[in-house]
There are 2 protein chains.
Amino acid sequence: MAEPLENEPAIASTIADTVCSKLQNAIVEGIIPAGSKISEPALANEFGISRGPLREALSRLEASNLIERKPNVGARVVTLTREHLVEIYLIRESLEGLAARQAAENMSDKDINELDALLEKHQQQIKQDQSYYQKEGDMDFHFRIIKGSKNSHLIDMFSNDLYHLIRLYRYQFGMVSKRVPRAFVEHGQIVDAIRQHDGELAQFLMSRHIRSSRINVEKMLDEHLALTD
Amino acid sequence: MAEPLENEPAIASTIADTVCSKLQNAIVEGIIPAGSKISEPALANEFGISRGPLREALSRLEASNLIERKPNVGARVVTLTREHLVEIYLIRESLEGLAARQAAENMSDKDINELDALLEKHQQQIKQDQSYYQKEGDMDFHFRIIKGSKNSHLIDMFSNDLYHLIRLYRYQFGMVSKRVPRAFVEHGQIVDAIRQHDGELAQFLMSRHIRSSRINVEKMLDEHLALTD
DNA sequence: TAAAGATAAGTTGTCAACAATATAGAGTTA
DNA sequence: TAACTCTATATTGTTGACAACTTATCTTTA
């Protein structure tokens with residue numbers, strides 16, 4: 001299960017780190033429900049730790065936009081709205097377009113081959129079990145390209161700000177779409193553009209890919225649920 | 001000096017907040033030099049506070065990318081490099097393009113008039129004293145358009161992640177350019193596009209505006225200094 | 001009964017001391 | 001002299017207690 005990635009430098013040693021990870025997952029999976037209040041004493045008790053490192057963890061969750069804090073009042077898990085989801089999609093459309101462009105310029109042959117292998121792997125998974133591809137596989141692909149941009153600040157923004165938030169929406173809105181085959185084809189096109197080091201094209205394709213995804217999601221939300229109000 | 005902006009809701013009440021603000025400015029202005037190590041006991045002593053709220057403030061500075069922390073080792077102010085500056089410009093080119101597009105779609109007439117007034121004010125300032133416009137005025141304009149996008153997540157990303165980092169580079173690289181008149185004209189074009197609610201054009205103009213700025217900065221750095229290595 | 005004010009309980013913010021880890025320096029050995 | 005080890009120091013991570021603030025409850029008054 002542990003892949004032989006060369007330089008995964010070390011493990012997060014501090015308590016705040018591990019608790020932060022656990023809370024991220026708990027929020028994404030809805031174990032701590034969206035919109036619910038977070039009690040520091042209760043949580044600290046539950047984890048068997050003091051309030052110090054817990055507050056440190058909460059700080060990071062706030063930076064990840066998973067919770068909102070008001071001074072002297074406390075922290076709440078963010079509430080999911082259609083508007084926020086659209087905002088995030090628009091930002092992704094913009095930023096991941098840039099990422100694809102820079103990936104086309106900066107990815108090494110080795111990187112690109114690995115990306116190809118991932119695509120291959122996804123093709124297998126789709127035949128067997130679409131759900132994994134939808135849940136995590138798609139995210140894997142996008143994150144790989146973001147890393148491929150070699151833009152450290154961009155990578156940072158995704159890792160810290162957007163990644164878990166995207167997972168949260170995907171998880172809790174239970175997005176299951178008929179777009180999987182189409183999306184997979186689009187992924188292939190993007191990789192082709194990257195292999196030809198055609199940054200402009202890669203940017204265009206990635207932006208359009210995410211735009212299509214957004215429009216699809218908006219449609220789904222309109223049909224299925226009235227989530228916002 | 002205090003402008004009558006209607007709903008500046010409240011003041012930051014907690015110690016961590018005020019100390020965070022002070023540290024932001026101290027880092028931006030170079031009072032705490034780039035690359036220097038931060039000693040928690042020393043800083044806490046200096047501010048006359050305990051290490052608790054100081055660490056909270058440091059957490060936020062880390063989220064703003066003004067400092068870097070390693071577990072059990074400590075915090076350092078980020079080091080400025082040409083590569084990082086270019087990365088930030090590329091991100092701005094992408095995100096502020098989106099901001100301009102959404103601003104053209106979402107700004108009210110009142111918003112646009114205020115933006116016009118700001119432009120007018122800047123024209124006066126340029127005649128008298130170019131330096132203010134370069135230091136803060138330009139940032140004011142860009143931030144106003146970001147707010148005008150009404151994209152709360154986008155606004156958040158700038159307020160927390162990018163704003164102070166941009167100020168840091170601008171301050172410490174002492175960017176003084178001959179582009180001020182040209183940049184001012186470009187600002188005018190962008191406002192025109194917004195007034196006509198031409199989102200596509202506004203996006204194009206804003207992206208190109210920042211791209212020009214980036215190219216200018218890269219040229220300056222090549223000529224004047226060998227900052228990176 | 002409804003509204004306003006006082007009181008009490010609980011939560012968050014802050015502090016100072018303790019534990020665990022990392023760094024610097026002295027001493028030893030090759 | 002250079003490299004290594006061990007020790008001492010200092011810094012960071014963590015804890016539990018205290019202070020300040022919010023919120024809910026109860027009492028009082030119109």
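This structure is a prediction, so every number in the text was calculated from the model and none was measured. In what follows, every chain begins at residue 1, and chains take the letters A, B, ... in the order their sequences are listed.
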Ring pair (Phe, Tyr, Trp, His ring centres under 6.0 Å): pairs with one or both residues in residues 144-164 of chain A, sequence neighbours excluded: A:F143-A:Y163
Partners meeting side chain to side chain donor-acceptor pair (under 3.5 Å) with B:D111 (sequence neighbours left out): B:S108, B:K150
B:R101 side-chain N/O to B:G199 backbone N/O, donor-acceptor pair under 3.5 Å: no
Chi angles and distances behind the salt bridge (charged side-chain N to carboxylate O under 4.0 Å, His left out) call for A:E96, A:R214: CA-CA 13 Å; A:E96 294 198 38; A:R214 184 194 85 222; over 6 Å; no
Sugar-phosphate, base or nothing in reach of A:L54, heavy atoms under 4.0 Å: nothing
d(CD, A:E40; P, D:dT22) in whole Å: 15 Å
Validation row: A:S213, A:E93 side chains within 4.5 angstrom (heavy atoms): no
Earlier contact from the 5' end, DNA chain D, for A:I49 and B:K37: B:K37
Distance in angstrom units between A:N45 CG and C:dG10 P, rounded: 15 Å
A:K37 NZ: over 12 foreign heavy atoms closer than 6.0 Å: yes
Positions of residues 57-72 of chain A (non-hydrogen atom under 4.0 Å from DNA chain C), listed by number: A:P71, A:N72
Sugar-phosphate, base or nothing in reach of A:G52, heavy atoms under 4.0 Å: base
Under-4.0 Å side-chain N/O to phosphate OP1/OP2 contact, B:T14 with C:dT14: yes
Under 4.0 angstrom between B:S13 side-chain N/O and D:dC21 OP1 or OP2: no
Atom pair distance, as rounded to whole Å: CG in A:L43 and P in C:dT11: 12 Å
Rounded distance in Å - CD1 (A:I15) to C1' (D:dT12): 13 Å
Protein-nucleotide distance (B:R51, atom CZ; D:dT11, atom C1'), rounded to Å: 8 Å
Whether B:H142 and B:H187 hold their rings parallel, tilted or perpendicular, with breakpoints at 30° and 60°: perpendicular
Length of the line joining B:R55:CZ and C:dT14:P, which is rounded to integer Å: 15 Å
